[in-house]
Amino acid sequence: MNFFLKSVSYLLHPLLMPVSGAFLYFMITPRFIPEDIIGVKLFGLIVITVLIPIVLFFFLKTSGLITSIHLEDVKQRKIPLLLQSLLYLLVIKMIVDVYHYPELYFFFLGCLISSLSAIFMVLFNIKASLHMLAMAAITMFTVVLSIHFEINLTLLIALMIACNGLVATSRLHVKAHTNLELLLGFAIGIIPQITLVQFWL
C-alpha cells in the first residue's frame with residue numbers, strides 16, 4: 001500500500017495533467033480534426049508542457065534552486081511556477097488558438113490562472129497542493145466537456161473523482177500536505193475552470 005500511494009504522486013503528477021486534458025479533448029470531440037493535426041498539436045503540447053519542464057527541473061536542481069520534483073519546500077516553488085506559467089502562455093499563443101479550439105484554449109487559460117494563483121499563495125508562504133490543483137482542473141474540464149458535447153462520460157468522471165481521492169490520500173500519506181493545502185489546491189484548480197466555462201459552453 002505504501003508503494004502504491006507513493007506511485008500515485010508520480011502517475012498523476014501535475015506535469016502530465018494538461019496534456020492529458022488535451023488528449024481527452026481530441027478523443028471525445030465530435031468535431032472533425034485531421035489526425036495529422038491532432039498529432040502535431042499533441043506533440044507540441046508534450047514538448048512544451050512535459051519535456052521542457054523536465055529539462056528545466058534538472059537545470060534548477062543542478063543549480064540548487066530546487067531539491068525535488070514535488071516542490072515540497074514552498075520557497076522553491078516560485079521559479080518553477082513562474083516558468084510553468086510562461087509555458088502555458090506559450091501554449092495559448094502558439095498551439096491552441098481560441099478560434100479553432102475554444103475548449104482547449106480556455107482549459108489552458110484556466111491552468112495559467114491556477115498557476116498564477118499558486119504563485120500568489122507562495123508570496124504569503126502558503127503551499128497549495130499542485131497535485132490536487134491539476135487533478136481538479138482536468139476533472140472539471142471533463143465534466144464540462146460532457147455537458148458541452150452532450151456525451152455520457154459518467155464512468156470517466158467517476159474515475160477522475162476517485163483519482164482526486166487517491167491523490168489527496170497519497171499526498172497526506174507521504175506527509176507532503178495538510179488537509180487545508182489540499183483543499184486550497186482543489187479550489188484554485190477548479191474555480192478558474194468553472195469561471196471560464198461561460199465563455200465557451
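Hydrogens, waters and symmetry mates are skipped; everything else that's a heavy atom, side chains included, is used.
The hydrophobic cluster containing Leu155 does not contain Leu12, counting ILVMFWY residues as joined when their side-chain heavy atoms lie under 4.5 angstrom apart, directly or transitively. Hydrophobic clustering places Ile191 together with Ile161 (ILVMFWY residues linked when any side-chain heavy atoms are closer than 4.5 Å, directly or through intermediates). Under the 4.5 Å side-chain contact rule for hydrophobic residues, Leu183 and Met160 do not share a cluster. There is a path of hydrophobic side-chain contacts, each under 4.5 Å, that joins Tyr99 to Leu45. In the hydrophobic clustering of ILVMFWY residues, with side-chain heavy atoms under 4.5 Å counting as a link, Met94 and Ile46 come out together.
For the pair Phe141 and Leu104, the minimum side-chain heavy-atom distance is below 4.5 Å. Residues Leu16 and Leu11 are not in side-chain contact: their nearest non-hydrogen atoms beyond the backbone lie 4.5 Å or more apart. With contacts defined as side-chain heavy-atom distances shorter than 4.5 Å, the pair Met140/Ile194 qualifies. For the pair Gln84/Leu81, a side-chain contact is recorded, criterion being any heavy-atom separation below 4.5 Å from C-beta on. Within the 4.5 Å cutoff, no side-chain heavy atoms of Phe186 are placed close to those of Leu133. A 4.5 Å side-chain heavy-atom check between Asp97 and Tyr105 finds every atom pair outside the cut-off. Two residues are said to be in side-chain contact when any heavy atoms from C-beta on lie closer than 4.5 Å; Asn152 and Ser146 fail this criterion. Between Ile33 and Tyr101 the shortest side-chain heavy-atom distance falls below 4.5 Å.
Counting heavy atoms of neighbouring residues, nucleotides and ligands inside a 6.0 Å radius, atom CD of Gln198 exceeds 12 of them. Residue-environment remark: CD1 (Ile79) stays at or below the threshold of 12 foreign heavy atoms within 6.0 Å. For CG of Leu123, the number of neighbouring non-hydrogen atoms (other residues, nucleotides, ligands) closer than 6.0 Å is greater than 12. By the neighbour-count criterion of 12 heavy atoms within 6.0 Å, atom CZ of Phe23 is sparsely surrounded, having that number or fewer from other residues, nucleotides or ligands. The number of heavy-atom neighbours closer than 6.0 Å to NE2 of His148, taken from other residues, nucleotides and ligands shown, is above 12.
Here the rule is side-chain contact (heavy atoms from CB on, under 4.5 Å) with Val91, and of Leu112, Leu109, Val19, Ile48 only Ile48 fits it.
Atom CE in Met135 sits 14.0 Å away from atom CZ in Arg171 (nearest 0.5 Å). Rounding to the nearest 0.5 angstrom, the gap separating the CG atom in Leu87 from the CG atom in Leu56 is 6.5 Å. A distance of 11.5 Å separates CG of Leu159 from CG of Leu153, quoted to the nearest 0.5 Å. Going from atom CD1 of Ile188 over to atom CD1 of Ile119 covers 10.0 Å, rounded to the nearest 0.5 Å. Expressed to the nearest 0.5 Å, how far CD1 of Ile38 lies from CE of Met27 amounts to 9.5 Å. Note that NE2 of His100 is 11.0 Å distant from CZ of Arg31, once rounded to the nearest 0.5 Å.
Thr62 places a side-chain N or O within 3.5 Å of a backbone atom of Phe58 that can act as its donor or acceptor partner. No side-chain donor-acceptor contact under 3.5 Å links Ser115 to the backbone of Cys111. Between the Thr169 side chain and the Gly165 main chain, a donor and an acceptor come within less than 3.5 Å of each other. Gln193 places no side-chain N or O within donor-acceptor distance of the main-chain N or O of Ile190, the cut-off being under 3.5 Å. Arg77 places a side-chain N or O within 3.5 Å of a backbone atom of Ala128 that can act as its donor or acceptor partner. No donor-acceptor distance shorter than 3.5 angstrom exists from the side chain of Lys41 to the backbone of Val96, with no hydrogens or angles considered.
Considering all non-hydrogen atoms of both residues, Gly21 and Phe107 come closest at CA-CE2, 4.1 Å. Closest approach of Met132 to Val167, counting heavy atoms only: SD-CG1, 3.6 Å. The shortest non-hydrogen separation linking Leu15 to Val50 is O-CG2, 3.7 Å. The heavy-atom pair separating Ser85 from Leu116 by the smallest distance is OG-CD2, 3.7 Å. Scanning all heavy atoms of the two residues, the minimum distance from Pro192 to Ser114 falls at CG-OG, 3.4 Å.
Taking the six-membered ring where tryptophan is involved, the planes of Tyr25 and Phe149 are tilted, since the angle between them lies from 30° to 60°.
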Before you tell me yes or no, could you show the steps for Leu145 and Ile151 under side-chain contact (heavy atoms from CB on, under 4.5 Å), namely the whole-Å CA-CA distance, both residues' side-chain angles and the distance that decides it to 0.1 Å? CA-CA 8 Å; Leu145 283 180; Ile151 298 174; over 6 Å; no

Is there a side-chain contact (heavy atoms from CB on, under 4.5 Å) between Ile113 and Leu196? Walk through the geometry before answering. CA-CA 10 Å; Ile113 294 172; Leu196 294 172; 4.1 Å; yes

